[in-house]
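In this chain, residues are counted from 1 in sequence order.
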Amino acid sequence: MAYSYADALTRYRILMSRLDGIEVKGKANPYTSMNGNMFSFLDKAGVLCLRLSAKDRDGFVRAYGTDPVEQYGAVMKEYVAVPADLFADDAALMPHLMACLGYARALPAKPTKKTS
């Protein structure tokens with residue numbers, strides 16, 4: 001099941017609201033981050049992309065046959081594109097969201113560039 005961009009964005013916000021303390025940021029480029037590290041985003045076509053550890057990413061690619069995520073001409077090496085059927089299936093998607101969140105928690109914090 002493919003979603004329109006608007007429906008995919010609504011679905012993305014709902015899914016992320018189920019993860020304690022996680023909010024979708026960005027208006028033009030919706031994403032989630034933790035400690036300065038982006039760990040998921042919704043691309044311009046409404047495809048959910050998740051940042052996973054090497055082990056989880058390899059398993060995901062084997063299970064779903066996804067292509068590398070490319071944005072603005074660059075491959076985003078740690079990200080996988082979630083197939084539309086998986087994006088529509090809460091029960092099947094949730095373990096991948098939890099793996100994504102776990103990986104984000106394990107990444108070292110990036111210093112903020114914000115000034116007070």
Side-chain angles (χ1 to χ4, degrees):
M1 165 182 202
Y3 292 100
S4 69
Y5 181 81
D7 289 342
L9 179 57
T10 298
R11 176 133 181 81
Y12 180 49
R13 290 183 188 283
I14 290 168
L15 285 167
M16 292 303 154
S17 73
R18 294 179 182 155
L19 303 176
D20 191 35
I22 302 302
E23 68 178 77
V24 175
K25 303 172 185 177
K27 291 187 183 213
N29 300 301
Y31 69 96
T32 58
S33 66
M34 178 177 291
N35 298 324
N37 294 292
M38 184 173 72
F39 65 90
S40 76
F41 67 92
L42 193 68
D43 76 6
K44 297 285 186 194
V47 175
L48 174 61
C49 299
L50 303 177
R51 187 176 190 178
L52 295 171
S53 69
K55 178 184 171 197
D56 290 333
R57 191 171 52 255
D58 289 345
F60 189 94
V61 169
R62 274 194 309 278
Y64 300 104
T66 61
D67 293 324
V69 173
E70 191 173 322
Q71 294 290 301
Y72 304 104
V75 173
M76 299 185 71
K77 295 177 184 173
E78 293 189 316
Y79 288 83
V80 295
V82 175
D85 290 347
L86 180 59
F87 190 26
D89 185 342
D90 286 4
L93 180 57
M94 194 52 69
H96 301 293
L97 290 177
M98 297 310 295
C100 176
L101 184 58
Y103 184 54
R105 286 187 176 130
L107 294 170
K110 283 187 173 181
T112 182
K113 295 180 183 179
K114 288 185 179 179
T115 57
S116 303

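- Cluster membership check: Leu101 shares its hydrophobic cluster with Met94, using side-chain heavy-atom separations under 4.5 Å among Ile, Leu, Val, Met, Phe, Trp and Tyr.
- Looking only at side-chain heavy atoms (C-beta outward), Glu78 and Val69 stay at 4.5 Å or farther from each other.
- The hydrophobic clustering, which links ILVMFWY residues whose side-chain heavy atoms are closer than 4.5 Å, places Leu52 and Met16 together.
- For Asn37 (side chain) and Pro108 (main-chain N/O), a donor-acceptor pair under 3.5 Å exists by modelled atom type.
- Without hydrogens or angle criteria, Lys77 side chain to Pro68 main chain gives no donor-acceptor distance under 3.5 Å.
- Taking 4.5 Å as the limit, some side-chain heavy atom of Leu48 sits within range of a side-chain heavy atom of Leu93.
- Heavy atoms only, all atoms of each residue included: Ala92 and Pro95 are closest at O-CD, 3.4 Å.
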Problem set entry | Test side chain to side chain donor-acceptor pair (under 3.5 Å) applied to Tyr12 and Ser40, step by step | CA-CA 10 Å; Tyr12 180 49; Ser40 76; 2.7 Å; yes
For this session: Test Phe87 against Leu15 for side chain to side chain contact (heavy atoms under 4.5 Å, CB included), laying out the working first.
Result: CA-CA 10 Å; Phe87 190 26; Leu15 285 167; 3.5 Å; yes
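- When the side chains of ILVMFWY residues are joined at heavy-atom separations under 4.5 Å, either directly or via intervening members, Val80 and Met98 end up in a single hydrophobic cluster.
- The minimum heavy-atom distance between Gly46 and Ala8, with the atom names listed, is O-CB, 3.4 Å.
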Problem set entry | Check against side chain to side chain contact (heavy atoms under 4.5 Å, CB included), Asp89 and Asp85 | CA-CA 7 Å; Asp89 185 342; Asp85 290 347; over 6 Å; no
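- Tracing side-chain contacts under 4.5 Å through hydrophobic residues (I, L, V, M, F, W, Y), one never reaches Val47 starting from Leu50; they form parts of separate clusters.
- Put simply, CZ on Arg18 and CG on Leu97 are 9.5 Å apart, with the number rounded to the nearest 0.5 Å.
- Listed by first and then second residue, the ring pair (Phe, Tyr, Trp, His ring centres under 6.0 Å) pairs that reach into residues 37-67 are Phe41-Tyr79, Phe60-Tyr64, Phe60-His96, Tyr64-His96, sequence neighbours excluded.
- To the nearest 0.5 Å, atoms OH (Tyr72) and NZ (Lys44) are separated by 4.5 Å.
- Taken from OG in Ser33 to NZ in Lys110, the straight-line distance is 10.0 Å, to the nearest 0.5 Å.
- Side chains of Leu42 and Arg11 form no contact here, defined as non-hydrogen atoms less than 4.5 Å apart.
- The hydrophobic cluster containing Met76 also contains Tyr31, counting ILVMFWY residues as joined when their side-chain heavy atoms lie under 4.5 angstrom apart, directly or transitively.
- Between Arg105 and Asn35 there is no side-chain heavy-atom pair separated by less than 4.5 Å.
- In terms of heavy atoms, Val24 sits closest to Pro30 at CG1-CB, 3.8 Å.
- Checked by atom type and distance alone, the side chain of Arg51 never pairs as donor or acceptor with a backbone atom of Ala104 at under 3.5 Å.
- Across all their heavy atoms, Asp43 and Ala45 have their closest contact at OD1-N, 2.9 Å.
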